[in-house]
Structures are given as C-alpha cells and as structure tokens.
Novice: 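Below: one structure in structure tokens.
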Amino acid sequence: MTKRIAVLLAALMISFLSPAQLDMHRFTGNWLGTLNTGVSKLKIGLLVKDSSGILISKLMSPDQGVMDIKVDKTEFYNDTLKINSAEIRASYKGKINKSSDTLTGNWMQGLKIPLTLLRVEKLPELNRPQEPRRPFPYKEEEVTFTNDKAGVSLSGTLTLPSSGENFPAVVLVTGSGPQNRDEELLGHKPFLVISDYLTRNGIAVLRYDDRGTGKSKGGFSSATTADFAGDAEAAFEFLVADQRINPKKTGIIGHSEGGLIAPIIASRNKDVAFIVMLAGPGLKGKDILLLQSERIARADSTPEQEIENNTRLNKKLYNIAVNEKDDRKAAGKMRKLIDDYWATISPETIQSKGLDKKILVQGVYQLITPWFRYFLTCDPKVALTKVHCHVLAIAGSNDLQVPPAENLAAIKKYLSRAGNLNVTVKEFAGLNHLFQHSATGSPSEYADIEETFSPEVLDYLAQWIKNTVTE
C-alpha cells in the first residue's frame, strides 16, 4: 500500500511539470555549427547539460582555439533555446526541430547572423603537446609592478631556475591585441612554452598581462604602441631591480608588435643588454598591413582582381585614418568609400561568399582607434637606427603577417646605419608568424596546428642568449 501511494505521489508531481520542463532533455548534448561572419567562417560548439533540473552550457570556438567560453544564462521555453555570454557579449536563440537534431536561429554579437547548430556525438578537442604541466622544475612567482608614468598596475609571472643566483633574464612582450601573460591565442600559449623552455635552460623570465587584460589594470582600448612600450619598460626595470637577476645580462624578447616595442625601449634605455625581435617589423605600419592583406588573401586562393580591389580600398581607408584627425569626419569618409566599393560587387558574389556590408562598416571604427592611427605611421627605423645592444631578429619564411624578406632586410639596414655590429638576422624555413611549422602560413591554419612554437627556434633562442650574455 505504501509503495502504491509513493508511485501515485510521483505521478502527481510529474503532472504539475510543464511540457517544456518534460522536454528539457531535447536540448541537452553537443551542438556544432558554422558561423559565417561575412569575412570568415568559424565553427561554433555548444555543450548543454542538465544540472539538477536546470540547464547549463558552455560555448567554444574551435577555429579560434577558444574552448571554454562562459555562458551566464541558459533558458528554454517550448521549442526554443536561448543562451547569453557576457564574456564575449554574445547571445544565441535557436528553435529545435521535431527530431531534436537541429537548432535553427540567430547569433547576436553586434550583428545578427543566422546560425544552425547540429547535434553531434562529440565536440572538437584541441591537442597542444608542448604545453607544460605542473609541477615545474623551477620557481614560479606571481608578481605585480607599476608603470609609474602612466599610473598602471601590471600583473605577471616570474619564473627562475630552482637553484643558483645572478641569473640572465628576459622580459617577454606580446603582439598586438589584448594578450594575457601567456600570449594566449587560438588555443596556443606561446609565451608559456617559451618561458618554460628558457627557465629550464637557466634563464629567468618575466611575462605579464597587457594593461586592461587578465589581472593587469588600466585601459587597453585607448592605448597605443607607445603606451605599451612604457609598460614593457616598467617590466624591464622591475626585473633588473630583483637581487637574484644579473642586470647586465637582462634583455627583452618581443613578438610581432612586441618586436617593435623591444627596439623602442633599447633605443632609449642603455641598460638593455640585448633584444630579440620575433617576427618584428622593419617597415612602417601601413606598408606592413597592405603586404599582410595581399599575402594572406593570396594564400587563401583569392582571385588577383579581388586582391587588387581590396588593396586599392585599404590604401584609401588608411590615408583617411592618417590624414583626417576628426573621428566623425573620418568615419563618414570611410563609410562613403565602402558604399562605393559595395556597389561594385555583384549580388552573386555577395551571396556565394556570404559577404555582409555591416561587418565592413563596423571595421571602420577599428581604423580610427588610437592604436590603429598610431601604428599606421609608426616607423621602426626611428628606433632601430639608435639601437647599439646585441640584436637577434628572426622570422619564419611562411610569415604572411610580417613578411620576412622585406622586414628582415629593413631591420638589417637600419641597424647597420646605427653602426651596430652585434646583429644576427635569421629566417627559418617553413615557419609561420607564430613560429609553427605550416603549409601556407595562412592565419586560418594557426588553430589547427598542434605545435605551439618550433622546437628548433626555442633551442636557437636559448643558445643565442647564453652565448650573448657570456661575451
């Protein structure tokens, strides 16, 4: 009798649940789709779980190497799922079909983009075999230092060999865009791999979060390369003040934009013992960006006529960014250029390539940011002709973002003008901008490549530093 009452109560409790609650399991599982941004196509993954009667989920963007994007809210009603992520300022609302194997809806992230998610057994996983795992055979310390001139507090990690003293040391300076201390991008952590290798080889390393990123304070969006150079110099001064570090054997390693910042600091701070420019620029910002766009488009099999049209448009946009100082007027002129350019594209091309004019217009506002305006006219020659410390400038032959032939030649020329005889310039075959072994060097390959940073470059770096600081 007691058992029959319990069964009856259970049945009564179920009868009070809404149809949507009964169908919660329809939304749980793995979902995968492709987001066409009009510029590129990105896989979007969604994992939905039932947690004690409440749906929770997480997002991932495998093509960008981002596998754990926080979802703040997961809701469902009738046949519709809705998620929201404050972390990336995005949301998705999709309707499930009768067989529960498809969600059809829209992705909202500034723009509304159609996105269909298909149920899959397994979501993509990233394999990063070079990424070191704790415990490490060296000391690791969380540190904080200040760029006093800017009033910015920065946080980072200092790694030191487990024994000894008076260590040679380096500061790692990231490339463009908001980067954390590991220079994490596309599922890779290049600075974590570099710092681990160098520290295992007796070299202390300081890496830090860019201002406004990770645990560092300050505003990122209003800063220029000059501001980031101030932060990097503060990191250098903090490092050489440490009693365990040999100040006469301390230098700076910069990647990409960091490879521009390193000579800026060395040109004005004579305490810098050496610098390493990893895919650092030798040409003006505008010239690099034009070369970059052409090379990447060609690697992605873009027709030559389209490349020429894009280059012509970019030159005009950059000229406006350089010459029109009023942001509002500059944006208006740029939008007019895009209107004229859009009118030349056939409806068939727009449809076949999934182009979106709104995305092009949105890019206008990136061109008039303080960083972009500064970078367009920034000339590495100014700093390089004043650098007299030891310099190592290396690049990969497949680098499409900072093309090696033109930039290494310029770096060598300007250092020669400075009368600097302590210069090593080297190009590594088959490596891309991230120093990965690659097929074409296209950024579209970065996330798919398991290698984070070329082992031969790691070894070359360690040996060059050791040889340099013993001279």
Novice: Please determine, by modelled atom types, if Glu87 and Ser85 share a side-chain donor-acceptor pair under 3.5 angstrom.
Specialist: no
Novice: Report yes if some heavy atom in the side chain of His437 is under 4.5 Å from a heavy atom in the side chain of Leu431; otherwise report no.
Specialist: yes
Novice: Donor-acceptor pair, distance only, cut-off 3.5 Å: does the side chain of Asp63 make one with the backbone of Lys43?
Specialist: yes
Novice: What's the spacing between Thr440 OG1 and Asp300 CG if we round to 0.5 Å?
Specialist: 6.5 Å
Novice: Checking Asn127 against Glu450: is there a side-chain donor and acceptor pair closer than 3.5 Å?
Specialist: yes
Novice: Just checking, is any N or O donor in the side chain of Glu445 or Asn432 under 3.5 Å from an acceptor N or O on the other one?
Specialist: no
Novice: Would you sort out whether Tyr341 and Asn310 count as a side-chain hydrogen bond (donor to acceptor under 3.5 Å, both in side chains), showing the intermediate values?
Specialist: CA-CA 9 Å; Tyr341 171 75; Asn310 290 339; 2.5 Å; yes
Novice: Taking Thr74 for its side chain and Ile56 for its backbone only, find out whether a donor-acceptor pair lies under 3.5 Å.
Specialist: no
Novice: With side-chain contact (heavy atoms from CB on, under 4.5 Å) as the test, would you mind laying out the steps for Ile194 and Leu278 before giving the verdict?
Specialist: CA-CA 12 Å; Ile194 294 172; Leu278 297 174; 4.2 Å; yes
Novice: When you check the side-chain N and O atoms of Asn269 and Glu237, is any donor under 3.5 Å from an acceptor?
Specialist: yes
Novice: Check the pair Arg128 / His188 against side-chain contact (heavy atoms from CB on, under 4.5 Å), numbers first and verdict last.
Specialist: CA-CA 7 Å; Arg128 300 293 183 251; His188 291 283; 3.1 Å; yes
Novice: Any side-chain donor-acceptor pair under 3.5 Å between Glu141 and Thr157?
Specialist: no
Novice: For Lys357, look at atom NZ and say whether over 12 heavy atoms of other residues, nucleotides or ligands are found less than 6.0 Å away.
Specialist: yes
Novice: Are Leu172 and Ser195 close enough that some pair of their side-chain heavy atoms sits under 4.5 Å apart?
Specialist: yes
Novice: Within a radius of less than 6.0 Å around CD of Glu142, do more than 12 heavy atoms belonging to other residues, nucleotides or ligands occur?
Specialist: yes
Novice: Is the Phe428 to Tyr460 ring centre distance short of 6.0 Å?
Specialist: yes
Novice: Hydrogens and angles aside, do Thr213 and Asn180 bring a side-chain donor and acceptor to less than 3.5 Å of each other?
Specialist: no
Novice: Could you tell me how the ring of Tyr92 sits relative to the ring of Trp107: parallel (under 30°), tilted (30 to 60°) or perpendicular (over 60°)?
Specialist: tilted
Novice: With a 6.0 Å cut-off on the ring centroids, do Phe228 and Phe220 count as close?
Specialist: yes
Novice: Examine distances only and state if a side-chain atom of Asn201 and a backbone atom of Ala462 form a donor-acceptor pair shorter than 3.5 Å.
Specialist: no
Novice: Check whether the side chains of Tyr208 and Asp231 place a donor and an acceptor atom closer than 3.5 Å, and report yes or no.
Specialist: no
Novice: Ignoring hydrogens and angles, state whether a donor on the side chain of Ser442 or Ser444 is under 3.5 Å from an acceptor on the partner side chain.
Specialist: yes
Novice: What are the two closest non-hydrogen atoms of Pro403 and Asn407, and how far apart are they?
Specialist: O-ND2, 2.8 Å
Novice: How about Phe375 and Trp371: are their ring centres within less than 6.0 Å of each other?
Specialist: yes
Novice: Rounded to the nearest 0.5 Å, what separation is found between the NZ atom of Lys70 and the CG atom of Leu59?
Specialist: 13.0 Å
Novice: Strictly below 4.0 Å, N to O, side chains only: are Arg207 and Glu183 in salt-bridge contact?
Specialist: no
Novice: Using the six-membered ring wherever Trp is involved, compare the ring planes of His255 and His433 and label them parallel, tilted or perpendicular (cut-offs 30° and 60°).
Specialist: tilted
